[in-house]
2 protein chains.
Amino acid sequence: MRGDPFGLHRVIEPKGKLPQPAWKIDNDTSKIYDNEILIDVIKLNIDAASFTQIKNEAGKDESKVAEKIMQIVKERGKMHNPITGSGGMLIGKIKKIGKDLKIDANEGDKIATLVSLSLTPLNLKKITKVHLDKEQVDVEAEAILFETGVFAKLPEDMPESVALAILDVAGAPIQTARLVSPGDTVLVTGAAGKSGVLCCYVAKKYAGPTGKVIGLVHSEKSVAELKNLKIVDRVMVSDAQDAVGTYKKFMEMNGGELADVVINVVNVPDTEMASVMCCKERGKVYFFSMATSFTKAALGAEGIGKDVDMIIGNGYAKDHAKFALEIVRENKKLYELFLKRYG
Amino acid sequence: MRGDPFGLHRVIEPKGKLPQPAWKIDNDTSKIYDNEILIDVIKLNIDAASFTQIKNEAGKDESKVAEKIMQIVKERGKMHNPITGSGGMLIGKIKKIGKDLKIDANEGDKIATLVSLSLTPLNLKKITKVHLDKEQVDVEAEAILFETGVFAKLPEDMPESVALAILDVAGAPIQTARLVSPGDTVLVTGAAGKSGVLCCYVAKKYAGPTGKVIGLVHSEKSVAELKNLKIVDRVMVSDAQDAVGTYKKFMEMNGGELADVVINVVNVPDTEMASVMCCKERGKVYFFSMATSFTKAALGAEGIGKDVDMIIGNGYAKDHAKFALEIVRENKKLYELFLKRYG
Ligand SMILES: NC(=O)c1ccc[n+]([C@@H]2O[C@H](COP(=O)([O-])OP(=O)(O)OC[C@H]3O[C@@H](n4cnc5c(N)ncnc54)[C@H](OP(=O)(O)O)[C@@H]3O)[C@@H](O)[C@H]2O)c1
Ligand SMILES: NC(=O)c1ccc[n+]([C@@H]2O[C@H](COP(=O)([O-])OP(=O)(O)OC[C@H]3O[C@@H](n4cnc5c(N)ncnc54)[C@H](OP(=O)(O)O)[C@@H]3O)[C@@H](O)[C@H]2O)c1
């Protein structure tokens, strides 16, 4: 039997909604439809905003984090954090390909899903290990990918956990490449993070020798890490939740000029206005952070009369996975950082 | 003495935040700074979401609504509804212009503020009348506009309440003009609403004779109203909260083609995915609706592998007020509709 290509057939509540906005979906993996893929899950990569929220609530206790994740999946049939609204992704082995699907992969292949966990039916049996530092969770579980779901075969030239970390944020570097033009001044907030370093590298590549990339980091330890990569022109330390303070520091560092493009890849809320204030009139602010509030951005920009284009970070873009993996392959230091952090 | 251009000098709690996100601001209008404007307020236009919330709580009782508004302003120094997070705008007469300001207006001029009430210091003395149907409130009050605050002189060729209605949604038509190119197929969801009709008219103007504008309305009564304006090529009736149903109807109506640009100006939540699904690959979705959820848009588009640019509707754009007023002036039927609804 064929299911709906978007997965409507697995929505329990409310009926008629797509699986992502739905509250609860059917995670019964004992039956699979002819246009679904069944996955034997190895690891979940929880979205940074979601993991931070859970970690704060559970007090950095591995077993409590595990408990909280089990509870969310039990309630919703998917790892969809009700507070942050975000999910994450997973890696696993293809266990079964529905007979109606023609895809470029075989049963047994290791893949990463490129659609959010917030819409992926997940039959979570057991959490074997929580990696608090990597935002990854080893599990015994099965998951379902719908016909319109996107996935990537795991590359063989890097550890799984490294590929997972890169693919998790694959939307950000390619969108950065689309937004940045030669000569641009680019501010990346959250620059030493997982997506941050990818965005910095791409921004510098596309801004070129006449452009300038400034990486904003929060903690002192990030300064050395980012500088060592040699992918930004300047590093500034600031709290992006302090909009006016960040704006003043940025102006000072950049000779009184604002940025053409601001890329927001932090993992905490209330950083909309720092991004908006550091952007020049008719510049572009790209919000990849899942902690972005639509109303705070829209009313905040209006409140200071700032005519900027604000873009919602789409997790998907054509060929984003390939682009992100290649970006890391072409820069040795970048690869080494990912290996050190996530390998 | 000069105040901070963004109004930081009037923030009481928490210190350092901008006036919009701040909980409480200083509404003492007996002192004004040299870069502030003091306004003698005539009318508040409470944001629709906020007014509805208050009306529901107060039971549609004029005096109770008034009481609630007085209470919020007393607590926060601004008309910033703590539940909806939104404000509104005001009209009034300029009472005093700080000596450091060079602006194109004089004391005595009637103006509308184009920044949200959620950041405007308001010294509210008395509410003389609550217009439950128009979401407007006649008051005796004084307000402060900061140096970066935007305002518009009230036009003399139309009733105040009509100008107020147009200026309330002034961001939408000019952003539509920026996004639409000749030959584009444009879908406007919420097409018969206040911003909807403005966006439809502008979309048709910029898409031109080789383009096509389709207006999506919800209620049957809106069909005739929109058709009568003769500003769209087609009208379709659908519930934008039903993403898949709307997508199917749109595909059928448009010969299996998707839209280049989708403008979302509905006033209810959960319409992100109808907009995303009706947009073609690499098309643009403009979210003006304040009920838009950032995560639903970002993860929803990713979830169906849809590579579209999604834009947050900035309430401000350079010359947006002038643009919106001129748009209505140049089309007689449009003006008559506003006169009928808000005059
Ligand atoms: N749109 C999408 O589809 C999508 C997909 C995946 C992820 N995301 C989002 O992208 C964001 C980044 O993800 P990630 O995995 O790259 O996160 P990450 O590796 O955890 O990095 C986040 C960075 O934010 C910085 N930061 C935290 N608080 C800050 C503050 N107050 N001021 C300035 N910087 C601060 C941290 O800097 P320090 O270490 O120096 O403190 C850290 O480097 C997250 O919000 C995530 O939800 C979006
Ligand atoms: N970004 C900003 O700065 C800013 C500024 C002002 C306003 N806004 C927002 O812009 C939006 C529109 O404002 P407005 O004043 O133009 O609103 P409005 O005049 O109330 O119009 C809203 C329209 O949405 C339609 N609608 C309601 N439910 C629907 C559904 N389920 N499916 C399809 N259409 C539906 C209604 O159609 P029917 O009448 O046919 O039911 C109505 O015509 C609001 O969300 C408002 O918050 C944003």
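Numbers restart at 1 for each chain; the letters A, B, ... are given by sequence-line order, proteins then strands.
- Heavy atoms of B/F287 lying under 4.5 Å from chain A belong to its backbone as well as its side chain.
- Within the 4.5 angstrom heavy-atom criterion, atoms from both the backbone and the side chain of B/A317 approach chain A.
- Of the listed residues (A/I312, A/L8, A/L18), the one with the most heavy-atom contacts under 4.5 Å to chain B is A/I312.
- Scanning all heavy atoms of the two residues, the minimum distance from B/G313 to A/A298 falls at O-CB, 3.4 Å.
- In terms of the side chain to side chain contact (heavy atoms under 4.5 Å, CB included) criterion, residue partners of A/V11 (sequence neighbours excluded) are, by chain and number, A/P19, A/A22, A/I25.
- Between chain B and the options A/V276, A/V244, A/V150, the largest number of non-hydrogen pairs under 4.5 Å is found for A/V244.
- Residue B/L119 touches chain A through its side chain alone, counting heavy-atom pairs closer than 4.5 Å.
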Distance-only check: which donor-acceptor pairs of chain A and chain B lie under 3.5 Å?
{"from": "A/S116", "atom 1": "N", "to": "B/E302", "atom 2": "OE2", "distance (Å)": "2.6"}
{"from": "A/R178", "atom 1": "NH1", "to": "B/D307", "atom 2": "OD1", "distance (Å)": "3.0"}
{"from": "A/R178", "atom 1": "NH2", "to": "B/D307", "atom 2": "OD1", "distance (Å)": "3.4"}
{"from": "A/R178", "atom 1": "NH2", "to": "B/D307", "atom 2": "OD2", "distance (Å)": "2.7"}
{"from": "A/E302", "atom 1": "OE2", "to": "B/S116", "atom 2": "N", "distance (Å)": "3.2"}
{"from": "A/K306", "atom 1": "O", "to": "B/N314", "atom 2": "ND2", "distance (Å)": "2.8"}
{"from": "A/D307", "atom 1": "OD1", "to": "B/R178", "atom 2": "NH1", "distance (Å)": "3.0"}
{"from": "A/D307", "atom 1": "OD1", "to": "B/R178", "atom 2": "NH2", "distance (Å)": "3.4"}
{"from": "A/D307", "atom 1": "OD2", "to": "B/R178", "atom 2": "NH2", "distance (Å)": "2.6"}
{"from": "A/D307", "atom 1": "OD2", "to": "B/K318", "atom 2": "N", "distance (Å)": "2.9"}
{"from": "A/V308", "atom 1": "O", "to": "B/N314", "atom 2": "ND2", "distance (Å)": "3.3"}
{"from": "A/M310", "atom 1": "O", "to": "B/I312", "atom 2": "N", "distance (Å)": "2.8"}
{"from": "A/I312", "atom 1": "N", "to": "B/M310", "atom 2": "O", "distance (Å)": "2.8"}
{"from": "A/N314", "atom 1": "ND2", "to": "B/K306", "atom 2": "O", "distance (Å)": "2.8"}
{"from": "A/N314", "atom 1": "ND2", "to": "B/V308", "atom 2": "O", "distance (Å)": "3.2"}
{"from": "A/K318", "atom 1": "N", "to": "B/D307", "atom 2": "OD2", "distance (Å)": "2.9"}

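- Heavy atoms closer than 4.5 Å to chain B are found in the side chain of A/A243, but not in its backbone.
- With a 4.5 Å cut-off on non-hydrogen atoms, B/V308 touches chain A through its backbone and its side chain both.
- The distance from atom CZ of B/F294 to atom CE of A/M290, rounded to the nearest 0.5 Å, is 5.5 Å.
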